[in-house]
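Because only heavy atoms are used, hydrogens play no part in the values below, and waters and symmetry mates are left out as well, while side chains stay in.
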Amino acid sequence: MNENLKKLNIETPVYLCDLSKVRSNLNLLKSVAKKSGAKILCALKGFAFSGAMPLVSSELSGATCSGLHEALYASECGFKQIHVYSPAFKESEMEEILKVAHHVVFNSVSQLLLFKERALKAGVSVGLRVNPESSASPVEAYDPCGRFSRLGVRESALKEALGEFPNLLKGVEGLHFHALCEEDAESLERVLEAFEARFGEFFGGLKWLNFGGGHHITRAGYNVKLLVKLVKDWREKYGVEVFLEPGEAVGWQTGDLVARVLDIVKNERQICIIDASPECHMPDTVLMPYRPRIKGEVAMMDFERAKFCYLFGGATCLAGDVCGVAAGFEEYFFEREICVGDLVVFEDQIHYSVVKNTTFNGVALPHLAVLDEDGTLRYIKKFGYEEFRRRN
Ligand SMILES: *Cc1c(COP(=O)(O)O)cnc(C)c1O
């Protein structure tokens, strides 16, 4: 890959998405949809890479959006069905949302009371997000069912509200939960048990259930068979449509962040300063935290082969802006020496990294490019000073 990129004379930093890999993720998701009858939506929160959207919108059933901006984007990208959920909708944005949305999911009893009639009048299918109080998230920041979570209505709160507003669920066509993060179908099975135990009494008369995101369907080894079985069973048992809304699984391992070594300094270790920044361009490696893989690095078990050791830091003034620091392991090992001007390819940086990046410290945003299915390199967007200027 590095040799190829060198030949292509690639401009760095750049997020480079391989459309043939997006295609193969979509093929897997489509086969899940076909076998199970699930409707699969792309969660734009996790994957909204413009260069891949024509493909994604044509192959999946729709998009799930976290508010007005993602909804407008979904509409612009031609998604067939647009679902919108937000922890709290703004009065001033509701009208525009209802113009493009097919489904709207409210997060609380109060928001449902505030907007339900308006949504129904607009002909939009109304849902309520509930908190199944069961999840297996690896990190607290990614656990929507944790203590004090603001995401979704708890069983106790819903029952209490129904005492006061007996017609609360009248007109509501679906229930939604989102409780998973990078998880297998076994975790979904456990959450579904909790969801059914707490909210099963409300399923009668519903048109749809939304099992949220966090299904790591495209990861090697994911139990696709179990997922298909669960969706089928639930569709048959309750006579509902089932929606899945993965983000990460759509963009999983579909591309890289390509950077270049600007300088190499020494302080006990050799430290490469690169034109990408973990803090700005790979923020999930800091929050999750995890250590991004670099193409060509020697795997941990082959330590003996490693002749060279490097750290990789951004060209920012943040001391901790070093790859792998948050995960507690910042040394990378290589068989070959790295030199100034070399390309460094951080693997799997297309989902979440792109939607979350920043211009902190005035660093340039990585360009966006795709490798088309025939292997040609195509720049989608190039960013410069203007991005920083506009945001400050
Ligand atoms: C984040 C999110 C998703 C997508 O989650 P992934 O882990 O990227 O699959 C789907 N639905 C909701 C409500 C979310 O908040």
Side-chain angles (χ1 to χ4, degrees), residues 1-18 20-21 220 253-286 288-351 353-354 357 360-371 375-377 379 382-383:
M1 177 92 167
N2 288 21
E3 289 311 309
N4 272 347
L5 293 176
K6 225 184 264 172
K7 265 187 236 134
L8 291 170
N9 201 16
I10 195 158
E11 286 180 52
T12 60
V14 60
Y15 295 108
L16 179 58
C17 179
D18 186 337
S20 63
K21 292 182 179 167
Q253 293 187 336
T254 59
D256 308 313
L257 171 60
V258 184
R260 203 176 287 278
V261 178
L262 302 176
D263 194 13
I264 300 175
V265 296
K266 198 162 180 210
N267 182 357
E268 291 190 57
R269 297 276 186 276
Q270 301 265 35
I271 306 148
C272 297
I273 301 179
I274 55 177
D275 60 3
S277 149
E279 170 78 16
C280 304
H281 307 146
M282 298 182 274
D284 267 4
T285 67
V286 181
M288 187 64 172
Y290 72 95
R291 180 179 180 276
R293 278 193 53 84
I294 294 180
K295 221 156 247 159
E297 72 168 300
V298 173
M300 290 279 252
M301 47 271 210
D302 299 324
F303 250 164
E304 317 80 60
R305 278 176 34 221
K307 295 204 192 72
F308 300 92
C309 170
Y310 299 93
L311 272 56
F312 293 87
T316 65
C317 303
L318 176 67
D321 189 19
V322 173
C323 293
V325 160
F329 189 59
E330 62 261 48
E331 280 141 327
Y332 285 83
F333 296 92
F334 296 86
E335 281 181 82
R336 287 194 348 208
E337 187 177 12
I338 289 182
C339 303
V340 170
D342 282 357
L343 294 175
V344 186
V345 179
F346 295 95
E347 295 181 356
D348 194 25
Q349 294 299 327
I350 296 296
H351 54 83
S353 301
V354 182
N357 62 19
F360 167 64
N361 231 216
V363 295
L365 286 181
H367 304 313
L368 304 179
V370 295
L371 271 183
T376 46
L377 174 74
Y379 291 94
K382 290 191 180 180
F383 298 113

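Phe346 places none of its side-chain heavy atoms less than 4.5 Å from the side chain of Asp256. Proximity of Ile10 to Tyr379: side-chain heavy atoms (C-beta onward) are separated by under 4.5 Å at one or more points. In this structure, the side chains of Ile271 and Tyr310 stay at 4.5 Å or more apart for every pair of heavy atoms. Annotation: side chain of Glu347 is in contact with side chain of Lys295 (closest heavy-atom distance under 4.5 Å). By the 4.5 Å heavy-atom criterion applied to side chains, Thr285 and Cys323 are not counted as neighbours.
By the side-chain hydrogen bond (donor to acceptor under 3.5 Å, both in side chains) test, Glu331 is found to be paired with Arg269, residues two or more places apart in sequence or in another chain being considered. Arg293 is linked by a side-chain hydrogen bond (donor to acceptor under 3.5 Å, both in side chains) to nothing, counting only residues two or more places apart in sequence or in another chain. Glu297 meets the side-chain hydrogen bond (donor to acceptor under 3.5 Å, both in side chains) test with Arg291; sequence neighbours excluded. The salt bridge (charged side-chain N to carboxylate O under 4.0 Å, His left out) test applied to Lys382 returns Glu11, not counting sequence neighbours. Applying the ring-ring contact (aromatic ring centres under 6.0 Å, His included) test to Tyr332 and every residue at least two apart in sequence or in another chain returns Phe312. Asp18 meets the salt bridge (charged side-chain N to carboxylate O under 4.0 Å, His left out) test with no other residue; sequence neighbours excluded. Residues passing the ring-ring contact (aromatic ring centres under 6.0 Å, His included) test with Phe333 are Phe303, sequence neighbours excluded. With sequence neighbours left out, Ser353 forms a side-chain hydrogen bond (donor to acceptor under 3.5 Å, both in side chains) with Gln349. Residues passing the side-chain contact (heavy atoms from CB on, under 4.5 Å) test with Ala319: none are found, sequence neighbours excluded.
Separating the CG atom in Leu257 from the CG atom in Asp348 is a distance of 11.5 Å, to the nearest 0.5 Å. Atom OG1 of Thr376 is separated from atom CG of Leu371 by 7.5 Å, given to the nearest 0.5 angstrom. To the nearest 0.5 angstrom, Ile273 atom CD1 is 9.5 Å from Ile264 atom CD1. Atom CD1 in Ile294 sits 12.0 Å away from atom CG in Leu343 (nearest 0.5 Å). One distance of note links OH of Tyr15 with OG1 of Thr254; it measures 12.5 Å at 0.5 Å rounding. Rounding to the nearest 0.5 Å places CG of Leu368 at 8.0 Å from CG of Asn357.
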Result block: side-chain N/O donor-acceptor pairs under 3.5 angstrom for residues 275-283, not counting sequence neighbours:
{"residue": "Asp275", "atom": "OD1", "partner": "Arg260", "partner atom": "N", "Å": "2.8"}
{"residue": "Asp275", "atom": "OD2", "partner": "Thr12", "partner atom": "OG1", "Å": "2.6"}
{"residue": "Ser277", "atom": "OG", "partner": "Glu279", "partner atom": "N", "Å": "3.3"}
{"residue": "Ser277", "atom": "OG", "partner": "Cys280", "partner atom": "N", "Å": "3.0"}
{"residue": "Ser277", "atom": "OG", "partner": "Asp321", "partner atom": "OD1", "Å": "3.2"}
{"residue": "Ser277", "atom": "OG", "partner": "Asp321", "partner atom": "OD2", "Å": "2.8"}
{"residue": "His281", "atom": "ND1", "partner": "Ser277", "partner atom": "N", "Å": "3.0"}
{"residue": "His281", "atom": "NE2", "partner": "Ala364", "partner atom": "O", "Å": "3.1"}

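A donor-acceptor pair under 3.5 Å links the side-chain atoms of His367 to the main chain of Phe383, judged by distance alone.
Pairs passing the side-chain hydrogen bond (donor to acceptor under 3.5 Å, both in side chains) check and including a residue from residues 334-345, sequence neighbours excluded, read Arg305-Glu335.
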Determine, stepwise, if the pair Leu311 / Val325 fulfils side chain to side chain contact (heavy atoms under 4.5 Å, CB included). CA-CA 10 Å; Leu311 272 56; Val325 160; over 6 Å; no
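Here the closest heavy-atom approach between residue Val363 and residue Ala315 is recorded as CG1-O, 3.9 Å.
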